[in-house]
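For reference, the structure is listed below as structure tokens.
Reckoned from all heavy atoms, side chains included, excluding hydrogens, waters and symmetry mates.
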Amino acid sequence: MAALTGRHGDSEITPNRKTEPMRVRGLAALAAIATLGALLSSVGSTANDDAPLPTPHAGAVTFYLSLPTNIDDLDAAANAASAPGSTRYRHFSTLVEAADQFGATDAQIARVSASVRTLGLRFVPDPTRLFGRVTGTTRQWEAALGTPLSVTAATASSPFITYTLPAQVPAALEPAGTSLLLAQAQVYDPAADRGRGPMPNAPPPGKGAKPFPFNTGNPISAGCVAAPLQQRRVYTPQQIQTAYGLDTLRQNTSGTAVITIVDLGDGWRRSDLALAGECFGYTPPPVTQEQGDGVAAPINSAGTETPLDLQTVSAVAPNAQVRVVQTTPADLLDGFSRAVDDPRGLPDVISLSFGGCAFAENRGEPLYTGVINAVLAMIALTGVSSFAASGDAGSTTCGRLVHGTSLSYPAVSPFVTAVGGTRLTLGTGNNRVAETAWNDSVFGAQAASGGGLTHLQPRPTYQDGANPAGHRAIPDVSALADIVPGWPVVVSSGLQTVGGTSGSTPFIAAATALIDATQRQHGQPRIGLANGWFYQAATRPSTFFDVTTGNNDIAGVGCCHATAGYDPVTGLGVPNWAALPGTLPPPG
């Protein structure tokens, strides 16, 4: 048996890293997420539809430029392809077809490219044709701008150099119909990455806090020895899968699932994945990795978010093809772009366990958000399902930056499935005995399922009849997010129990990928954005485990409470994977 160290005692949660404002803290469920930073980076050439994404190179600094696009028609097409009952339901386009129809024209791209070239910089249109990359060395940027880029050095805890544009940029850098999306870009500095050090113990419960409960399910089967297992402070993957019907699902699936995980500056180790497989009785699938803008070399040190993602999807789908897109800490745009434009083919699902204070809530970067939403719509139009963690700060992700409720981006996007969290209690045979909304404040940890009403995003049609409000509510669905007993993760050869929507998100994404792979295996089209299916299926009995008790209010703002049916704490509830697959509507 493998011997894993039971590291750090108690709940063994990773603390927030202030240098990574994008993190949803699925593993670090202790503090509200603050402002979402601004970032970007990397390289390339040509405006050809078939041109590959640029390969990041050391010394390159990249900023993003929006392109003229047909956003309203793109949104309508993505919604039609995702809506059961529509004649276009599950009728998808290739990425090239979608980009040609809704992205910038060749003439528009040529004009932008020529304008940028006058500055001695390089312009590369993204395959989506919704934005492009403007790249140069620091010397080329200084020559183009007439002044050096502002530089913030990398540190051992945040090994990313930050470059900032001046307030005024040459007109040629923003030709008519375009806009620079963010003023900052990041570049990974391997020389500064000396590891992030051991994770400190979780703080002791506050005065009057209740002790965490224990794992009451059985059997607890593992091929390793570690304190969290012996102390019954962690669930095993098999226990969770049995409780949620995954055993039945796997008996009825076929094909090879393709799962892409977006890693925003976190890092992981293959040795940890292998050790997790040895401990919990599965052979991890091979994992391929693509480097994103600003990350020319793989990140040296292991974080905690991506190891949990990889180990969770590997336990659910050990025969899958798993891919990692590794970008800088807040480079959502590059991450989603590279996730969908994979030369090996489309993934079944994209899973993101990161997020931050929603731009739509604080109006911080509406242009950047708009382009990301357009990319997500195009991803849905290609038939790929995107899942994003709803966050671990209850209904106040932005903390004091926004008065009242605030949520996590990109979970608020209408083109992702936002995944919330629950507290799960198991019994004999690992049956699901009880489940409540996840809120660990009673145990002394200020952590709860992200959820509530958005302030600006209109209610998507798939929430008609479920959400009575006029704005989008999140999450859409939920699953286990307990801190103790929580998700198991091996980091730096140590087994920990961790909590957060970073556990529930890859779990639900991987289960959906199994269904998608089965559809493809039988010659059927992909699922695409799963929300239309989920909301329709929830009207039938037994498709979801409804969570009707608890709340996610950790800041006294009066929101939100779990109720029968849909609620902005746990969404539709937890998918029952033994029953849900049979409700997938046929193509229109």
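For the pair Phe336/Asp341, no side-chain contact is recorded, criterion being any heavy-atom separation below 4.5 Å from C-beta on. Side-chain atoms of Pro414 and Gln457, non-hydrogen and from C-beta on, do get closer than 4.5 Å to each other. Within the 4.5 Å cutoff, the side chain of Phe160 has no heavy atoms near those of the Val187 side chain. Contact of the Phe123 side chain with the Ile109 side chain is registered, since non-hydrogen atoms from C-beta on lie closer than 4.5 Å. Side chains of Tyr89 and Pro84 form a contact here, defined as non-hydrogen atoms less than 4.5 Å apart. Between Asn79 and Phe415 there is a side-chain heavy-atom pair separated by less than 4.5 Å. At a threshold of 4.5 Å between non-hydrogen side-chain atoms, the residues Ser478 and Val419 do not count as touching. Side-chain contact between Gln524 and Pro587: present, with at least one pair of heavy atoms (C-beta onward) separated by less than 4.5 Å.
Side-chain atoms of Gln184 and Thr162 include no donor-acceptor pair closer than 3.5 Å. A side-chain donor from one of Arg344 and Thr288 sits under 3.5 Å from a side-chain acceptor of the other. Residues Gln108 and Arg129 have side chains that never bring a donor and an acceptor to within less than 3.5 angstrom of each other. Inspection of the Asn373 and Tyr368 side chains reveals no N or O donor paired with an N or O acceptor under 3.5 Å. Side-chain atoms of Asp476 and Thr417 form no donor-acceptor pair, as typed in the model, at a separation below 3.5 Å. A donor and an acceptor atom, one from each side chain of Gln311 and Ser314, are nowhere located under 3.5 Å apart. Looking at Gln289 and Trp268, their side chains do bring a donor and an acceptor atom within 3.5 Å of each other. A donor atom on one side chain and an acceptor atom on the other are found under 3.5 Å apart for Tyr188 and Asp193. For the residue pair Tyr163/Gln186, the side-chain donor-acceptor check at 3.5 Å is not satisfied. Side-chain polar atoms of Thr62 and Thr135 form a donor-acceptor pair below 3.5 angstrom. Between Arg111 and Ser115, the side chains place no donor N or O within less than 3.5 Å of an acceptor N or O (distance only, hydrogens not considered).
Checking side-chain atoms of Thr583 against main-chain N and O of Leu580 turns up a donor-acceptor pair under 3.5 Å. Without hydrogens or angle criteria, Glu174 side chain to Leu180 main chain gives a donor-acceptor distance under 3.5 Å. Without hydrogens or angle criteria, Ser406 side chain to Thr397 main chain gives a donor-acceptor distance under 3.5 Å. Side-chain N or O atoms of Ser390 include one that pairs as donor or acceptor with a backbone N or O of Gly450 at under 3.5 Å. Arg88 contributes no side-chain N or O that, together with a main-chain N or O of Gly588, makes up a donor-acceptor pair within less than 3.5 Å. In terms of modelled atom types and a separation under 3.5 Å, the side chain of Asn531 and the main chain of Val416 share a donor-acceptor contact. Looking only at distances, a side-chain donor or acceptor of Gln140 sits under 3.5 Å from a matching main-chain atom of Thr137. A donor-acceptor contact shorter than 3.5 Å is absent between the side chain of Gln463 and the backbone of Asn467. Proximity of a side-chain donor or acceptor of Arg520 to a complementary backbone N or O of Thr256 within less than 3.5 Å is detected. Checked by atom type and distance alone, the side chain of Ser449 pairs as donor or acceptor with a backbone atom of Gly421 at under 3.5 Å.
Rounded to the nearest 0.5 Å, atoms CG (Leu273) and CG (Leu310) are 6.0 Å apart. The line from CD1 of Ile350 to OG1 of Thr260 is 6.0 Å long, rounded to the nearest 0.5 Å. With rounding to the nearest 0.5 Å, the separation of CD1 in Ile508 from OG1 in Thr312 is 11.5 Å. Note that the NE2 atom of His471 and the CG atom of Leu456 stand 6.5 Å from one another [nearest 0.5 Å]. Rounding to the nearest 0.5 angstrom, the gap separating the CG atom in Leu381 from the CG atom in Leu95 is 9.5 Å. Rounding to the nearest 0.5 Å places CG of Leu529 at 13.0 Å from CZ of Arg90.
Aromatic ring orientation, Trp141 versus Phe63: perpendicular (interplanar angle above 60°, classes split at 30° and 60°).
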**Request:** Mind running side-chain contact (heavy atoms from CB on, under 4.5 Å) on Thr512 and Asp348 for me, showing each step along the way?
**Result:** CA-CA 8 Å; Thr512 305; Asp348 292 299; over 6 Å; no
**Prompt:** Are Glu290 and Val324 close enough, and set up right, to give a side-chain contact (heavy atoms from CB on, under 4.5 Å), and what steps lead you there?
**Reply:** CA-CA 6 Å; Glu290 178 181 357; Val324 174; over 6 Å; no
**Message:** Run the side-chain contact (heavy atoms from CB on, under 4.5 Å) test on Val134 and Leu173 for me, step by step, so that the C-alpha distance in whole Å, both residues' side-chain angles and the decisive distance to 0.1 Å come before the verdict.
**Reply:** CA-CA 9 Å; Val134 183; Leu173 193 55; 3.8 Å; yes
**Glu305 vs Phe354, side-chain contact (heavy atoms from CB on, under 4.5 Å): CA-CA, chis, key distance, verdict** = CA-CA 8 Å; Glu305 207 78 69; Phe354 296 77; 3.7 Å; yes
**Message:** As a quick check of understanding, evaluate side chain to side chain donor-acceptor pair (under 3.5 Å) for Tyr64 and Asp331, giving each step before the final call.
**Reply:** CA-CA 11 Å; Tyr64 297 153; Asp331 207 344; 3.1 Å; yes
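Shown here for Arg133 and Ser337, the closest heavy-atom pair between the two residues is NH2-OG, 3.7 Å. Minimum heavy-atom separation, Leu181 to Leu333: CD1-CD2, 3.8 Å. The two residues Asp334 and Gly292 come nearest to each other via the heavy atoms OD2-CA, 3.2 Å. The shortest non-hydrogen separation linking Arg472 to Ala418 is NH2-CB, 3.9 Å. Arg269 approaches Ala302 most closely through the heavy-atom pair NH1-CB, 3.5 Å. In terms of heavy-atom proximity, Pro285 sits nearest to Ala317 at CG-O, 4.2 Å.
Looking at Asp342 and Arg338, no side-chain N of the basic residue comes within less than 4.0 Å of a carboxylate O on the acidic one, giving no salt bridge.
Put simply, the residue from Thr501, Thr306, Asp309 that forms a side chain to side chain donor-acceptor pair (under 3.5 Å) with Ser353 is Asp309.
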